[in-house]
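Read the structure below first, then the notes.
Residue numbers start from 1 in every chain, and the chains themselves are labelled A, B, ... in the order their sequence lines are given, proteins ahead of strands.
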Amino acid sequence: MIVRFTTTFTRQNPTPKPITFSSTTKTLTPSPPNTNINHLKQTHANLIRSGQISNPLIVGKLVSDIALSSPSNIIYARSIFDRIAISPNTFTWNSLIRAYSRGPSPIEALRLYLHMQTLGYPPNNYTFPFALKASTESSARAAGLALHGSLIKRGFEDNDVFIQTSLIDFYGSFGFAVLARDLFDRIPDRDVTCWNALMKAYVRSDRAEEAVRAFRAMTRSRPPVRADEITALTVASACGAVGALDVGRWIHGYVGRSRLDLGVNLGTALIDMYAKCGDIDAARAVFEAVRGRGDARAWGAMIGGLAVHGFAREALGLFYDMRTVDPDSVVLTAALSACSHAGLVREGLRILYGMREAYGVEPTIEHYGCAVDLLGRAGRLSEAFELIARMPMEPDVVLWGSLLVACRVHRDVERGERVAKEMLKLDPEHAGAHVFLFNVYASAGEWARAEHVRGSMWDRRVKKPPGSSLIELGGACTDLLRGMRRTLRWVGLRR
DNA sequence: TTGCGTTATA
């Protein structure tokens with residue numbers, strides 16, 4: 001195999017160029033993997049010819065570039081790594097750990113991290129951000145905590161902003177906003193990235209108001225820290241989460257004023273923010289500015305936004321308008337949800353059954369869930385059950401949950417009871433399923449069974465979370481009760 | 001050689 005690359009290469013390029021691929025491959029990385037990997041294979045061949053394959057620094061870069069070019073190439077990279085005749089250095093280990101941490105099996109990065117140490121290679125300051133990323137990606141909380149301990153012992157906690165940012169992200173991803181904040185406060189020279197990580201930590205801990213507050217603090221900090229696209233995108237998603245339309249509009253204006261590039265990523269975040277805050281016209285306007293960029297995510301945000309605003313026809317029109325962009329799994333979910341909201345059963349089922357062939361997207365449980373919701377809302381409950389029986393995967397609580405709502409709306413007590421019982425098998429503490437069963441038994445006068453359900457709720461300490469509504473008041477969102485109190489204070493009816 | 005990144009269902 002290697003020989004074949006070598007001959008191809010020699011025929012095309014009799015005089016191999018000096019090894020400058022570190023800069024060329026960097027620019028190649030975003031291009032489609034098939035073309036990219038051929039270049040990398042040539043580079044690999046070239047290295048073998050020139051004998052530089054035994055240079056650990058150069059091989060490390062090659063391994064890294066191949067592994068990062070596409071997740072499917074990690075195996076190829078690994079095979080080179082495993083064959084390095086002389087012992088690999090820490091750089092090479094880091095490169096592979098980095099690649100795995102961003103690929104489909106980040107846990108492999110943690111295995112390598114342990115492995116390098118059993119072979120006597122100590123991790124350095126570059127190793128920890130990758131290993132922490134791998135812990136975050138694979139939800140390996142214990143591993144991340146161990147890494148934190150290990151890096152403290154090695155004295156990296158206080159003097160490396162990359163490691164500190166990775167730690168903020170790690171704790172933030174588990175919802176430990178206080179720990180993230182604590183780490184952040186101890187960073188002497190804060191750059192944009194660690195501010196961004198802090199804001200993201202707040203968003204992930206359901207404290208989006210804090211994220212917005214942190215953003216304001218960042219703009220006022222000394223020395224000044226300039227916001228970048230990721231700042232704007234994170235703040236926009238925070239605004240969407242709490243419905244803070246005023247701040248959302250302001251960040252949109254800020255993007256224009258500070259000449260930040262409104263690329264697809266930022267555009268997608270703004271579309272979603274406006275849609276979630278109820279300003280669908282503003283969402284449409286942003287979408288028009290970025291729709292030509294050929295990114296399925298922007299389309300997904302727009303189609304989904306239109307669907308929840310009741311513009312199902314427009315959403316589907318947009319979906320069928322996708323010519324140059326291939327719909328991804330999310331776009332198809334959004335299209336199905338549009339059908340669901342508009343009661344377009346046949347259209348939705350056609351999308352579900354045709355998606356593999358038409359778009360090459362394998363239906364997931366989310367797609368089946370939408371279709372079950374679609375049938376359920378339309379009152380076609382027996383068909384919903386048939387679909388569940390035919391699915392290639394086991395139904396989850398979310399899927400049963402949408403069917404339970406449908407059973408309640410269409411007053412199908414018998415099926416509802418079955419669904420609620422299935423849900424309690426999967427999640428014995430599910431509040432909604434308990435309440436449903438209780439109401440069914442109580443309204444049928446079956447007090448013994450109703451009492452039994454109530455007892456089980458008591459034993460499991462299941463509590464139905466109280467419903468609440470949100471309103472925006474003075475640029476921030478509060479729950480309705482708090483908002484009303486504030487309003488009453490304003491008009492002088494309350495102190 | 002490094003850290004932060006948006007979208008969907010219920």
Side-chain angles (χ1 to χ4, degrees), chain A residues 22 26 57 60-61 63-65 68 90-99 101 124-133 136 160-170 172-173 180 187 191-201 203 228-238 240 263-273 275-276 287 290 295-305 307-308 315 327-341 364-374 376-377 396-406 423 432:
Chain A
S22 59
K26 216 170 193 174
L57 256 151
K61 185 73 181 90
V63 166
S64 168
D65 284 349
L68 287 174
T90 305
F91 166 74
T92 317
W93 285 100
N94 288 348
S95 302
L96 205 57
I97 290 172
R98 175 189 180 205
S101 73
N124 62 13
N125 56 324
Y126 289 91
T127 318
F128 286 105
F130 306 143
L132 282 166
K133 173 84 176 166
T136 310
D160 189 310
V161 74
F162 285 83
I163 290 176
Q164 287 159 329
T165 304
S166 303
L167 282 171
I168 290 170
D169 185 55
F170 167 73
S173 74
I187 301 178
D191 60 7
V192 220
T193 309
C194 69
W195 277 103
N196 291 347
L198 178 72
M199 290 176 217
K200 187 64 200 164
V203 174
D228 63 5
E229 280 87 348
I230 292 169
T231 319
L233 180 147
T234 308
V235 175
S237 99
V264 255
N265 296 338
L266 180 49
T268 304
L270 287 173
I271 292 167
D272 180 58
M273 182 274 292
K276 288 212 171 96
F287 177 70
V290 298
D295 188 283
R297 291 171 185 228
W299 290 74
M302 191 67 244
I303 294 170
V308 298
D328 64 358
S329 179
V330 176
V331 168
L332 286 158
T333 313
L336 284 168
S337 115
C339 294
S340 192
H341 285 284
T364 63
I365 189 137
E366 285 85 1
H367 300 113
Y368 281 105
C370 284
V372 167
D373 183 59
L374 174 73
R377 277 179 204 249
D396 61 3
V397 198
V398 177
L399 189 146
W400 284 124
S402 71
L403 194 52
L404 185 74
V405 173
M423 289 172 76

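- Under 3.5 Å, the side chain of Asp191(A) and the base of dG3(B) form at least one donor-acceptor pair of N or O atoms.
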- Would you check, one step at a time, whether the test side chain to side chain contact (heavy atoms under 4.5 Å, CB included) holds for Leu270(A) with Val290(A)? CA-CA 11 Å; Leu270(A) 287 173; Val290(A) 298; over 6 Å; no
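- Using a 4.0 Å heavy-atom criterion, one finds that Val63(A) contacts no nucleic acid atom at all.
- When the salt bridge (Lys or Arg N to Asp or Glu O under 4.0 Å) test is applied to Arg297(A), no partner is found at least two apart in sequence or on another chain.
- Comparing atom distances between the Ser337(A) side chain and each of dT9(B), dT1(B), dG3(B) picks out dT9(B) as nearest.
- Minimum atom distance to the side chain of Asn265(A) is reached by dG5(B), of the listed dT7(B), dG5(B), dT9(B).
- Distance Asp295(A) CG to dG5(B) P: 17 Å, rounded to the nearest Å.
- Here the C1' atom of nucleotide dT7(B) and the CZ atom of Phe287(A) are 12 Å apart, to the nearest Å.
- Proximity note for Lys133(A) (side chain, C-beta onward) versus dA10(B), dT2(B), dG5(B): the nearest is dG5(B).
- Here the closest non-hydrogen pair linking Val331(A) and Ala296(A) is CG2-O, 3.5 Å.
- Atom CD in Glu229(A) sits roughly 16 Å away from atom P in dC4(B) (whole-Å rounding).
- Without hydrogens or angle criteria, Asp191(A) side chain to Cys194(A) main chain gives a donor-acceptor distance under 3.5 Å.
- Remark: Asp169(A) pairs with Arg204(A) by the side chain to side chain donor-acceptor pair (under 3.5 Å) rule, at least two apart or across chains.
- Nearest nucleotide to the Ser237(A) side chain, out of dT6(B), dT9(B), dT2(B): dT6(B).
- At least one side-chain nitrogen or oxygen of Arg377(A) sits closer than 4.0 Å to the OP1 or OP2 atom of dA10(B).
- For Val330(A), the listed nucleotide lying nearest its side chain is dT7(B); candidates were dT7(B), dG5(B), dT9(B).
- Regarding Trp195(A), its CH2 atom lies at a distance of 19 Å from the C1' atom of dG5(B), rounded to whole Å.
- Per the geometry, CG belonging to Asn196(A) stands 9 Å off C1' belonging to dG5(B), to the nearest Å.
- Contact annotation: side chain of Ser166(A) to base of dG3(B), donor-acceptor pair absent below 3.5 Å.
- Distance from the side chain of Asp169(A) is smallest to dC4(B) among dA10(B), dC4(B), dT9(B).
- In the set dT6(B), dC4(B), dT7(B), the nucleotide with an atom closest to the side chain of Ile230(A) is dC4(B).
- Going from atom CD1 of Ile168(A) over to atom P of dG5(B) covers 12 Å, rounded to whole Å.
- In this structure, Lys276(A) reaches the dA8(B) phosphate: one of its side-chain N or O atoms is under 4.0 Å from OP1 or OP2.
- For Phe130(A) and dT2(B), the ring-to-base geometry does not satisfy the stacking test (centroid distance below 5.5 Å, interplanar angle below 30°).
- OP1 or OP2 of dG3(B) has not a single side-chain nitrogen or oxygen of Lys200(A) nearer than 4.0 Å.
- Residue Val161(A) is classed as a base contact, given a heavy-atom separation below 4.0 Å to a base.
- The Leu233(A) side chain lies nearest to dT6(B) when the options are dT2(B), dC4(B), dT6(B).
- In this structure, Asp272(A) places its CG atom 14 Å from C1' of dT9(B), rounding to the nearest Å.
- Checked by atom type and distance alone, the side chain of Thr136(A) pairs as donor or acceptor with a backbone atom of Leu132(A) at under 3.5 Å.
- Listed candidates were dG3(B), dA10(B), dG5(B). Nearest to the side chain of Asp373(A) is dA10(B).
- In this structure, Gln164(A) places its CD atom 18 Å from P of dT2(B), rounding to the nearest Å.
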